Amino acid sequence: MSAEILSFETGQPAELAVGEPALVVDVEGYEGPLDLLLALARQQKVDLARISILALADQYLAFIEAAQKIRLELAADYLVMAAWLAFLKSRLLLPEPATPDGPSAEEMATALANRLRRLEAIREASNRLMNRPQLQRDFFSRGDPEIIAEIKHPKFTATLFDLLTAYAAQRQQRVLATVHLAKRTVWSLAEARASLERLVGIAEEWSCLDQYLMSYVVDPSQKATVFASSFAAALELVREGQMELNQKEAFAPLYFRKRPPSVTGAAPAPDLSVK
Amino acid sequence: MASLAEKRLPDPEDRPVDPQARPEELRLLEALLFASTEPLDLATLAKRMPEGVDVKVALAQLQADYALRGVNLVRVANKWTFRTATDLSWLMTREITETRRLSRAAIEMLAIIAYHQPVTRAEIEEIRGVVTSKGTLDVLMETGWIRPRGRRKTPGRPLTFGTTEAFLSQFGLEVLGDLPGLEELKGTGLLDSRLPTGFSVPAPSDDPTLREDEDPLEADDNLELLLTPAADPDTSQGS
Amino acid sequence: MASLAEKRLPDPEDRPVDPQARPEELRLLEALLFASTEPLDLATLAKRMPEGVDVKVALAQLQADYALRGVNLVRVANKWTFRTATDLSWLMTREITETRRLSRAAIEMLAIIAYHQPVTRAEIEEIRGVVTSKGTLDVLMETGWIRPRGRRKTPGRPLTFGTTEAFLSQFGLEVLGDLPGLEELKGTGLLDSRLPTGFSVPAPSDDPTLREDEDPLEADDNLELLLTPAADPDTSQGS
């Protein structure tokens, strides 16, 4: 610590040579200017309440000056404090103006002394606090607490609204589902066409469409839809030139065959007696 | 016994001369055993205690000291530890209530029981269109809102279910008849107003008097067993 | 004192008539308090005790019973717990599980928070005369001994800090008023954070009730974020 080499009586650094080992201070060792001031103040060995702020300011300024002489990098905080202390010192030395603007130099000095006292007091308090017996260091809690078994009691929640919504939705869903099942299934045009295309692919000879269709109709109720869709699909295939249709008269059975590759004329009528 | 005022904590300075002061080794032992995270054996204790202390004797003394207390000094596999007195083990439990929401399936089932009671499990499944899991019925029984009330006089004699008073209080109903009927459900928009004719909502009743087609539960009906799948023809048809 | 042979464990059947038998409520209390990891408050204890037991009286009795033992019944922030007697710490050292060593800055900060609470970071820095590093605050928060308790109703609405129950527990303080040297500090007026020392003598308080100049923390206050330098003008001037 460098403070020993500072003479607070004169406020001037004691005789010292630049680079003297004692001056190589670790400012990092202080927690800021206030900490440094407190350390310096302790050198006065008096109650902080009766400390000489003037002497302290001199000590601090001397310290900073010394530090700068050896090009010790100082944080801005230290320089701000130095400037403020220089200002305070000049005001303490000069007679007070008749109409003081703001706090008097005496008040500023007292405030600084109080800050130092407070910092010292809290340090003292923290020492006393940390010296108290501490849990798991000096006294101990139960090392092996017993397990408290938890008996869970479920409490169920549900509202009347939940209940009614569930009931209505459920009943309704069942009713609507029944209606849906009663709907007729429809043989779509696309289905009919796909089936016919497969049929036409193998029907080189005239074949009775009705007979083919019958094999598809498992459920008699579907007969109408199968016939209607197939007939429409058949007309479509004829228009596209993929197949030929033949019917003797209205409501007579329909015959179809794959359209021959080369069309040389009207196709001969099927020999109905054969089939 | 001295009054509490007289039994104030003595100052630490008083301790050495206090006539009640216990032998220091007992204080040391109880502190060690209290703070230890695991039971301690004789060797470990002896190593930690001051020289010249007969740890065995001290342990026996300490065990006697605590014998009548709520905490006893016990030996477990030759190691010593404090444990709650066995007659107080009930203290070592804590009852906690946890709030649980009913599953949708349970709510649906409850609703059907409420409206259609007395109703069997098979009938519930008929209305819901799905097989009921045993778990759902268990949960509902746990709520205390439903109860088996009798047995239907049909083959298999299935249980009939109804709601309880707890059901009424849970849902803020004075009587079961306060459950809204068809028109009210339609009025609130819960039911579609264009439902087919013939669609009806029963006028529910939780009258405990058994219906004509119900038999009383037998005294020895073990409801736990009755609800298991094996005893329940409803679910024996497979999953 | 009776010899060990005479002090054999009585049979459980003998207990009720044993003249030495302690009042059941004391057995229950000591069992509960021994078993628990956490200090228990009066309400919790009362809930677990039989009706009609004056728990306060029983606790005082129990505290007296254990005053001279190696394990004492102590009160921390109005909660009760057993702790090993502090005068036995020399014996217990081996139980120490690597206690964290706080930096001097952290210790000072903790003391300022303890003696000046509720206190803002700026006020802490005013007392210490230095900017607080984020790391120091983090370390203190990690100990669980301090907590942000609200926001000062001043521009910037800075967080106010206070100590926790764990703090009292750690330092064996029954209430905050037991802080060492608190009375002297109050007497010197050095607890007033404003300068010069005022006329009022403020006392620190860890009462969770907010002071008049405190706002509650908002529900969405993310303390992690609040403590980061970015959100803190004190340190935003950069390093």
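Throughout, a chain's letter reflects where its sequence line sits, starting with A, and its residues are numbered from 1. FYI, side chains are in, hydrogens and waters are out, and symmetry mates aren't considered; it's all heavy atoms of this structure. All values derive from a computational prediction rather than experimental measurement.
Counting heavy atoms of neighbouring residues, nucleotides and ligands inside a 6.0 Å radius, atom NZ of B/Lys79 does not exceed 12 of them. Residue B/Glu98 qualifies as enclosed at atom CD: its count of foreign heavy atoms under 6.0 Å is above 12. The number of heavy atoms from other shown groups lying within 6.0 Å of CD (B/Glu142) is above 12.
For the side chain to side chain contact (heavy atoms under 4.5 Å, CB included) with C/Leu32, the qualifying choice from B/Leu91, B/Val71, B/Thr84 is B/Leu91, the only one to do so.
B/Gly70 and C/Ala31 make their closest contact through O-CB, 3.5 Å (heavy atoms, listed as atom of the first residue, atom of the second, distance).
The backbone N or O of C/Arg27 sits nowhere less than 3.5 Å from a side-chain atom of B/Arg69 that would complete a donor-acceptor pair.
For residues 37-49 of chain C, heavy-atom neighbours of chain B at less than 4.5 Å comprise C/Arg48, sorted by residue number.
Ring geometry, B/Phe82 versus C/Phe34: the interplanar angle exceeds 60°, so the pair is classed perpendicular (tilted spans 30 to 60°).
Only the side chain of B/Leu88 comes within less than 4.5 Å of a heavy atom of chain C; its backbone N, CA, C and O stay farther away.
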